[in-house]
Amino acid sequence: MQLSHRITHLLDGGSDGWEIFNRARAMIAAGTPVTELTIGEHDIRTDPSILAAMDASARAGHTGYASVPGTDALRDTIAARVEDRTGVTTTRDNVLVTTGGQAALFAAHMAVLDPGDRALFIDPYYATYPGTLRAAGARAEPIPTHSREGFQPTRSALMAACPGAASLLINTPNNPTGAVYAPGTTDAICEAVREHDLWLISDEVYDTQIWNGTHLSPRARPGMAERTLVIGSMSKSHAMTGSRVGWVIGPAEAISHMINLSTDTTYGVPGFVQDAALFALEEGAPLEDKIAAPFRRRRALTEARLASQNTIRMIPADGAMYVMLDIRTTGLSGDAFASALLENHHIAVMPGESFGHSAAGHVRVAMTTDDDSYDQALATLVSFAQELAARSS
Ligand code: PMP
């Protein structure tokens, strides 16, 4: 039987970029210890106080179908948090609760794209982006960025790509690069989408992980609220990756249509999980800071570790739980370097190539293991790169 073109072409003939991760997991399953610095997931579990709230809600009977757009209380709390942090008036009608940020990305693109539309995204990119755009029937078009510019998109690249496109997807703080978009980058993005009448999808799931600078939500810029859909999530901010709670913020009309999509796909998020998310959000910034703190520490460790060498160059990592390292002096591609590091030293990092052409010759290191093993793994990575560089020169 014939499968749909849509489903068989989600990866467009490419790989899903997770080979190293899968190999590391197979090694672990076979009994070989591996330091895993691959997936964007905390080394701590969800806080017991959040689990207690989840348990209490379930035991109190919140185990039936929950309200599809999200509970009123959770939508109100998300709206208040966004309004408080951005100054943009936001009510529950601007909020749809989804099964994680990933479902929010899918809903947002389903809402603004017709089959055949050009949907832009910034390269390097989070691995699911092209597939998500294709799932909505669009032509996924990367806008390249450059390592030497800290992987920030330039005004000229944006202005060249935007004419005739339907949407632009951005992500700051950025996975995989750790970049936080500068005010000038945000200005250029807003100008480009306003001038060429695009929707902007702003993926802000790392907004609580800022090490340098400030998180700027483009929805707060003049003329942007009506054309911006913001993606949020509890996954990174509250170490709740497995709970699958995220949201889209946008104009009420767009949200009302996305609610229909939720009815036809997930039929909402479990009520006891929403109550746990509500509890976690009500804890406010102190809990978010506590969850971000290990990454702040490990980023400083990374800087210290790389300070006295010049084989590896670190892209300014101003936010998120990753650092992107330029390993081109080794003469290897990111793929080959990551593969050799796994083989020889049992350390798993992601090849830059898994995140697009712009990150070739780089590796992404997720700062997701305890400080000591992280620092030790980095030391090994650096001396391995130095050996390779010495051999290739
Ligand atoms: N956007 C980015 C940039 C991500 O890195 C991730 C997860 N790694 C997501 C969205 C989706 O996260 P979730 O579905 O867990 O909210």
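Values below: every heavy atom of this structure, side chains too, minus hydrogens, waters and symmetry copies. As the structure lists them, so they are numbered: ligands from 1, and atoms in each ligand from 1.
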- Would you tell me which option among Gly232, Ser237, Ser233 has the nearest heavy-atom contact to atom 16 (O) of ligand 1? Ser233
- Task: Check the pair Met234, Arg244 against side chain to side chain contact (heavy atoms under 4.5 Å, CB included), reporting the backbone distance first and the verdict last.
- Result: CA-CA 8 Å; Met234 297 299 289; Arg244 314 306 304 130; over 6 Å; no
- Among all residues two or more places apart in sequence or in another chain, which pass the ring pair (Phe, Tyr, Trp, His ring centres under 6.0 Å) test with Tyr374? none
- Query: Which residue supplies the protein heavy atom nearest to atom 8 (N) of ligand 1, what is that atom called, and how far is it?
  - Reply: Lys236 NZ, 2.8 Å
- Message: Between Asp370 and Arg298, does any side-chain N to carboxylate O distance fall below 4.0 Å?
- Response: no
- Message: Whether Lys236 and Glu41 form a salt bridge (side-chain N of Lys/Arg under 4.0 Å from carboxylate O of Asp/Glu) is what I want to check.
- Response: no
- Taking only non-hydrogen atoms of Asn171 and a 4.0 Å limit, the atoms of ligand 1 in range are 3 (C)
- Item | Which residue and heavy atom of the protein sit nearest atom 2 (C) of ligand 1, plus the separation | Asp203 OD2, 3.4 Å
- Task: Tell me which protein heavy atom sits closest to atom 15 (O) of ligand 1, plus the residue, atom name and distance to 0.1 Å.
- Result: Ser235 OG, 2.7 Å
- Query: Out of curiosity, is Met234 lining ligand 1, as in a heavy atom under 4.0 Å away?
  - Reply: no
- Query: Out of Tyr322, Trp247, Tyr126, Tyr206, whose heavy atom sits nearest atom 9 (C) of ligand 1?
  - Reply: Tyr126
- Task: Answer with yes or no whether the hydrophobic clustering places Met321 together with Phe21; edges join I, L, V, M, F, W, Y residues whose side-chain heavy atoms lie under 4.5 Å apart.
- Result: no
- Query: For ligand 1, which atoms have a heavy atom of Gln102 less than 4.0 angstrom away?
  - Reply: 11 (C), 13 (P), 14 (O)
- Counting each atom of ligand 1 from 1 as listed, which ones have a heavy atom of Gly100 under 4.0 Å away? 14 (O), 16 (O)
- atom 13 (P) of ligand 1: which of Gly101, Ala104, Gly246 has the nearest heavy atom? Gly101
- Between Glu36 and Arg25, does at least one N-O distance fall below 4.0 Å, as a salt bridge requires? yes
- Hey, which atoms in ligand 1 end up nearer than 4.0 Å to a heavy atom of Arg244? 13 (P), 14 (O), 15 (O)
- Task: Could you walk me through whether Arg364 and Ser354 pass the side chain to side chain donor-acceptor pair (under 3.5 Å) test, one step at a time?
- Result: CA-CA 9 Å; Arg364 185 195 76 171; Ser354 292; over 6 Å; no
- Query: Under a 4.0 Å N-O cut-off, is there an ion pair linking Glu288 with Arg81?
  - Reply: yes
